Amino acid sequence: MKTKKVIVGLSGGVDSAVAAYVLREQGYDVHAVFMINWHDTTGLLSGGCENDEDQKVAELVAKQLDIPFEKVDFSEIYAKKVVDYMFSEYEKGRTPNPDVLCNREIKFDVFLDKAMELNADFVATGHYCRKETITTNDKTYYRLLAGSDNNKDQSYFLCQLSQSQLEKALFPIGDVEKPEVRRIADEISLINAKKKDSQGICFVGKVDLPTFLQQQLKAQTGDIIKIPETHPQYNVSEPTGNAEIDLLKHQSRPYIYKPEDGEKVGEHDGAHFFTIGQRKGLGIGGMKQPPFVIETDTINNIIYIGEGKKHPGLFRKGLFISKEELHWIRPDLELKTGEVLETDARIRYRQPLQKAKLHMKTNAAYLIFDEKQRGITSGQFAAFYIGDELIGSGVIA
RNA sequence: UGACCGAUUGUGUAAUGGUAGCACGACAGGUUUUGAUCCUGUUAGUCAAGGUUCGAAUCCUUGUCGGUCAG
């Protein structure tokens, strides 16, 4: 049997380097490709020449592992699919997750296509997650599972992948824990064995968001309104009728504020530079407890805040996802209208899974948590798990 | 204009003659392949000028500014 060819997306980091090594040890024909997806350094913190650095490191790692190395430049498509999406989401007043898009549109799309052009059987990345194959009713399905290292599980970032994308993907270090990855890297003397983990937007880096966004969204002074925790909206009783949909809508409703609901306590320079749950950057002192953003109104350019981390405006029982923005990694598990799924869900990376019920209705899915959730933010992804399998996700409305 | 009250880091406040603290903010690190959150550290102040006292944020005088009454 012919050895399978795998193309590893080598980033310069330790995870993808060890992933490449593991594959090589498993007998695959391993090739490395470094993706250049971004050139601009606007708003970049910490210098800016990390990209070049990563490129060199990746090349050296490939040399150390004795595998072929090449670079590809997807920056044009990255700008179109990921960065444009970011700006348009922020413009709508939502808070996007560029890395989820980057995986769906770049690493497991154009990069995967490129790999197929090069006659690869698979692409591999250094993600901490696992893939499993099962067969039901004579059909093969790929399961996306959490990484074994509970602390590093990155399945969340892959919550928008499809079966055809998963089919071609390998996650060689998904069953390894991070310290072990470091140990392996050290054992085989990889030059990046001790390199610090990367952070920030994948390929762009750690940026100062307001600076970055000001390239396209202009700064404009607006009011910061403080909402008291006694706002009547928090104590609206649940609808008593027998229509379940009314209850779901009630439980998943976003809070809506008007300037008269509170008092002006300061000014900001652009509501879209802030997100729900945010504390830093408001510049408002003199309170007993820190203020947090509880809502942003980008149309009227107003930020609403609440005092204290337990302010009721920070918590919601549920959320909803419009039907068009729902995605099933496992199409065979897709809910039909009227069905309810007991699920474990998360609304951000590294959040411990939360017990919830997903109610599928005609136009939307309603995710109702057992415990109220802090900082439910539209534009972010809610991911649904059954056990450690990620079965679907959707954009929070 | 008269009377009274007040003035402490960027903000809100403690300290009634004896080491100017706290919270929030801001800044810097740390955690984190999104945005956030979170953790640690740093920062900075007695309105001004005199006086009493061994010693003044604190007591006295004057001034400046702010507020409340009176008009």
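It should be emphasised that the depicted structure is a prediction, and the values quoted were computed from it without experimental measurement. Chain A is the first sequence line, chain B the second, and so forth, proteins listed ahead of strands; every chain is numbered from 1.
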Could you measure between the two C1' atoms, the one in B/C5 and the one in B/G35, and give it in whole Å?
48 Å
Scan A/F274 against the nucleic acid and name what it touches under 4.0 Å (heavy atoms): base, sugar-phosphate only, or nothing.
nothing
May I ask you to check whether A/Q354 and A/E371 show a side-chain donor-acceptor distance below 3.5 Å?
no
Less than 6.0 Å separating the ring centroids of A/F69 and A/H31?
no
Using the C1' atom as the reference point in each nucleotide, state the distance between B/G21 and B/A15 in Å, no decimals.
7 Å
Quantified in whole Å, what is the P atom distance between nucleotide B/C47 and nucleotide B/U42?
26 Å
Looking only at atom P, what distance separates B/U1 and B/G17, rounded to whole Å?
35 Å
Would you say a side-chain N or O of A/R350 is under 4.0 Å from OP1 or OP2 of B/A36?
no
d(CD1, A/I347; C1', B/U34) in whole Å:
13 Å
B/U11 C1' sits how many Å from A/I284 CD1, rounded?
10 Å
Nearest to side-chain heavy atoms of A/M287, which nucleotide of B/U31, B/G35, B/C24:
B/C24
Cationic N near anionic O, under 4.0 Å, A/R104 to A/D109:
no
Is any side-chain nitrogen or oxygen of A/R348 closer than 4.0 Å to OP1 or OP2 of B/G35?
no
Using whole Å, what does the distance between atom P of nucleotide B/U13 and atom CD of A/Q289 come to?
17 Å
Rounded to whole Å, the CD1-P distance (A/I224 to B/C24) equals 17 Å
Would you kindly check if the NZ (Lys) or CZ (Arg) of A/R374 is within the cone defined by 45 degrees around the ring axis of A/F292 and under 6.0 Å from the six-membered ring centre?
yes
Atom P, compared across B/C59 and B/G6: separation rounded to whole Å
9 Å
Could A/K4 and A/D29 be called an ion pair, given the rule that one side-chain N must be under 4.0 Å from one carboxylate O?
no
A/Q55 versus A/K71, side-chain donor and acceptor atoms under 3.5 Å:
yes
Is it true that A/T377 and A/T95 share a donor-acceptor pair across their side chains at a distance under 3.5 Å?
no
Mind listing the residues from residues 87-114 of chain A sitting with a heavy atom below 4.0 Å of RNA chain B? Number order is fine.
A/Y90, A/T95, A/P96, A/N97, A/P98, A/D99, A/K107
From the candidates B/U37, B/A36, B/U34, the one with an atom nearest any side-chain atom of A/T275 is B/A36
Please convert RNA chain B into dot-bracket. A pair counts if it is Watson-Crick or G-U wobble with both distances under 3.5 Å; crossing pairs go in [ ] and bases paired with another strand get |.
(((((((..((((....[..))))((((((.......))))))...(((((..]....)))))))))))).
Residue met sooner reading RNA chain B from 5', once A/K288 and A/Y349 are mapped to nucleotides
A/K288
Of all of residues 388-397 of chain A, which get a heavy atom below 4.0 angstrom from RNA chain B, listed by number?
none
Assess the pair A/H39 and A/Y78: is the distance between their ring centroids shorter than 6.0 Å?
no
Between A/K258 and A/D297, does at least one N-O distance fall below 4.0 Å, as a salt bridge requires?
no
For this output row, return yes or no: ring centroids of A/Y304 and A/F274 closer than 6.0 angstrom.
no
If the P atom of B/A57 is compared with that of B/U52, how far apart are they to the nearest Å?
16 Å
Heavy-atom check, side chain of A/F384 versus side chain of A/L326, under 4.5 Å:
yes
Remember a base hit wins even if backbone is also touched, and classify A/S11 as base, sugar-phosphate or nothing at under 4.0 Å, heavy atoms.
nothing
Distance, rounded to the nearest Å, where A/I303 contributes CD1 and B/A36 contributes C1'
14 Å
Within 45° of the six-membered ring axis of A/Y141 and under 6.0 Å from that ring's centre, is NZ or CZ of A/R330 located there?
yes
Expressed as a whole number of angstroms, how long is the span from A/Q380:CD to B/U37:P?
13 Å
Using heavy atoms to find the nearest nucleotide of RNA chain B for A/G200 and A/G281 separately, return the residue whose nucleotide is more 5′.
A/G281
Salt-bridged, A/R183 to A/E180, with N to O below 4.0 Å?
yes
B/G63 and B/A3: how far apart are their P atoms, nearest whole angstrom?
11 Å
For A/A62, is there any backbone N or O sitting under 3.5 Å from a side-chain donor or acceptor partner on A/D66?
no
Select one nucleotide: of B/G35, B/U37, B/U34, the one nearest the side-chain heavy atoms of A/F157.
B/U34
A/I305 CD1 - B/U11 C1' separation (whole Å)
13 Å
Atom pair distance, as rounded to whole Å: CD1 in A/I294 and C1' in B/U37
16 Å
Taking the same atom, C1', in B/A26 and in B/G12, what whole-Å distance lies between them?
15 Å
